[in-house]
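Below is one structure, written out as structure tokens; the observations come after it.
In listed order, ligands and their atoms are each counted from 1.
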Amino acid sequence: MPTIKNNISSIQIRLQQAASEAGRTPNAVLLLAVSKTRNSAQISEALESGLTSFGENYLQEAIEKIDQLSATNLDWHFIGPLQSNKTRLAAEYFSWVHSVDRLKIAQRLSAQRPTTMAPLNLCLQVNIDNEPTKSGFSPEQALVAASEIANLPNINLRGLMAIPRSRRSVIEQRIPFARLRALKDQINSRLDNSLKLDTLSMGMSGDMDAAILEGATIVRVGTDIFGPRGQ
Ligand SMILES: *Cc1c(COP(=O)(O)O)cnc(C)c1O
């Protein structure tokens, strides 16, 4: 039986190999443990292996776990779909939101982030394969929205997030990730120095190696850390 601990060792080796192949330092890539559907005990086990950043998709479920684990010093990232009537909870409980898919969501998070907390880190979710069923800004919309969002108070616009459609080979997987990297560069060419984006949240269990080769700074890994979901 693979344990969470063993899985994390394997993932860290994979991460180091991909970083070294790309000529990057492994420290430049944050391993975000996606803990949706996992309980606090499983999260604690990952914490014992040294992981401190966790990604959650469902607010209610996440807040229960954040409260249960409040004695620990974990960094919580919201990565799921965010309805505008739920933004306050995201603004109060998380240090990152990766799934900003409309200007209005960013405006609400900015207005609702408590000023006593550090600015909330945001990524714009980009529908990089233009899939009709997926949420996210189109690349063109992201280019326009980024300038406006970057100037909002109480938030730091950090970068872009994408979930490409699945592809079979690493060569194919790299294509949408390279497009996301180019979009970040294009956005940065329009932003003031103090506002430049430094984050590419891309790569999951099945394609994290390709994402790291294309410059991912955060990989979001669930299955390959905690095992298959829904069992
Ligand atoms: C569930 C999820 C992941 C993790 O996916 P795995 O294939 O289990 O690694 C990453 N990102 C988002 C946005 C997710 O919803």
Can you list the atoms of ligand 1 that are under 4.0 Å from a heavy atom of [X]?
| X | value |
| --- | --- |
| T223 | 6 (P), 7 (O), 8 (O), 9 (O) |
| I79 | 11 (N), 12 (C), 13 (C), 14 (C) |
| I163 | 13 (C) |
| R220 | 4 (C), 9 (O), 10 (C), 11 (N), 12 (C), 13 (C) |
| G222 | 4 (C), 6 (P), 8 (O), 9 (O) |
| V221 | 9 (O) |

Qualifying residue for side chain to side chain contact (heavy atoms under 4.5 Å, CB included) with H98, from Q125, M202, M161: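 Result: among Q125, M202, M161, M161 is the only option passing the side chain to side chain contact (heavy atoms under 4.5 Å, CB included) with H98.
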
Residue that, paired with F177, satisfies side chain to side chain contact (heavy atoms under 4.5 Å, CB included) out of D207, I212, I128, L213: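 Among D207, I212, I128, L213, the one meeting side chain to side chain contact (heavy atoms under 4.5 Å, CB included) with F177 is D207.
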
Taking both backbone and side-chain atoms of V34, is any N or O found less than 3.5 Å from an N or O belonging to ligand 1? no

Is it true that the side chains of T3 and N6 contain a donor and an acceptor less than 3.5 Å apart?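 Yes.
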
Cut-off 3.5 Å, side chains only: do S201 and R220 have a donor facing an acceptor? yes

Select the closest option to atom 15 (O) of ligand 1 among K36, R229, M208, judged by heavy-atom distance.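 Looking at heavy atoms only, the winner is K36.
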
Is the contact between N57 and ligand 1 made by the side chain, the backbone, both, or neither, using heavy atoms and a 4.0 Å cut-off? side chain

Heavy-atom distances under 4.0 Å decide this one: backbone, side chain, both or neither, for D224 against ligand 1?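 Under 4.0 Å from ligand 1, D224 contributes no heavy atoms.
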
Quick one: nearest non-hydrogen protein atom to atom 10 (C) of ligand 1, plus distance?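 Checked against all protein heavy atoms, atom 10 (C) of ligand 1 sits closest to M204 SD, 3.2 Å.
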
Which residue owns the protein heavy atom closest to atom 9 (O) of ligand 1, what's the atom, and how far is it?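 Here the closest protein heavy atom is S205 OG, 2.5 Å.
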
When hydrophobic residues are tied together by side-chain contacts of less than 4.5 Å, even through go-betweens, does V34 share a cluster with L59? no

Min side-chain heavy-atom separation L30-H77 under 4.5 Å: yes

For a 4.5 angstrom cut-off between non-hydrogen side-chain atoms, does L82 reach R108? no

Any non-hydrogen atom of H98 lying under 4.0 Å from ligand 1? no

I'd like to know if E56 pairs up with K65 as an ion pair, taking the criterion as any Lys NZ or Arg NE/NH1/NH2 lying under 4.0 Å from an Asp or Glu carboxylate oxygen.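 Between K65 and E56 there is a salt bridge, with a charged N closer than 4.0 Å to a carboxylate O.
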
Answer yes or no: are there more than 12 heavy-atom neighbours, outside D198 itself, under 6.0 Å from its atom CG? yes

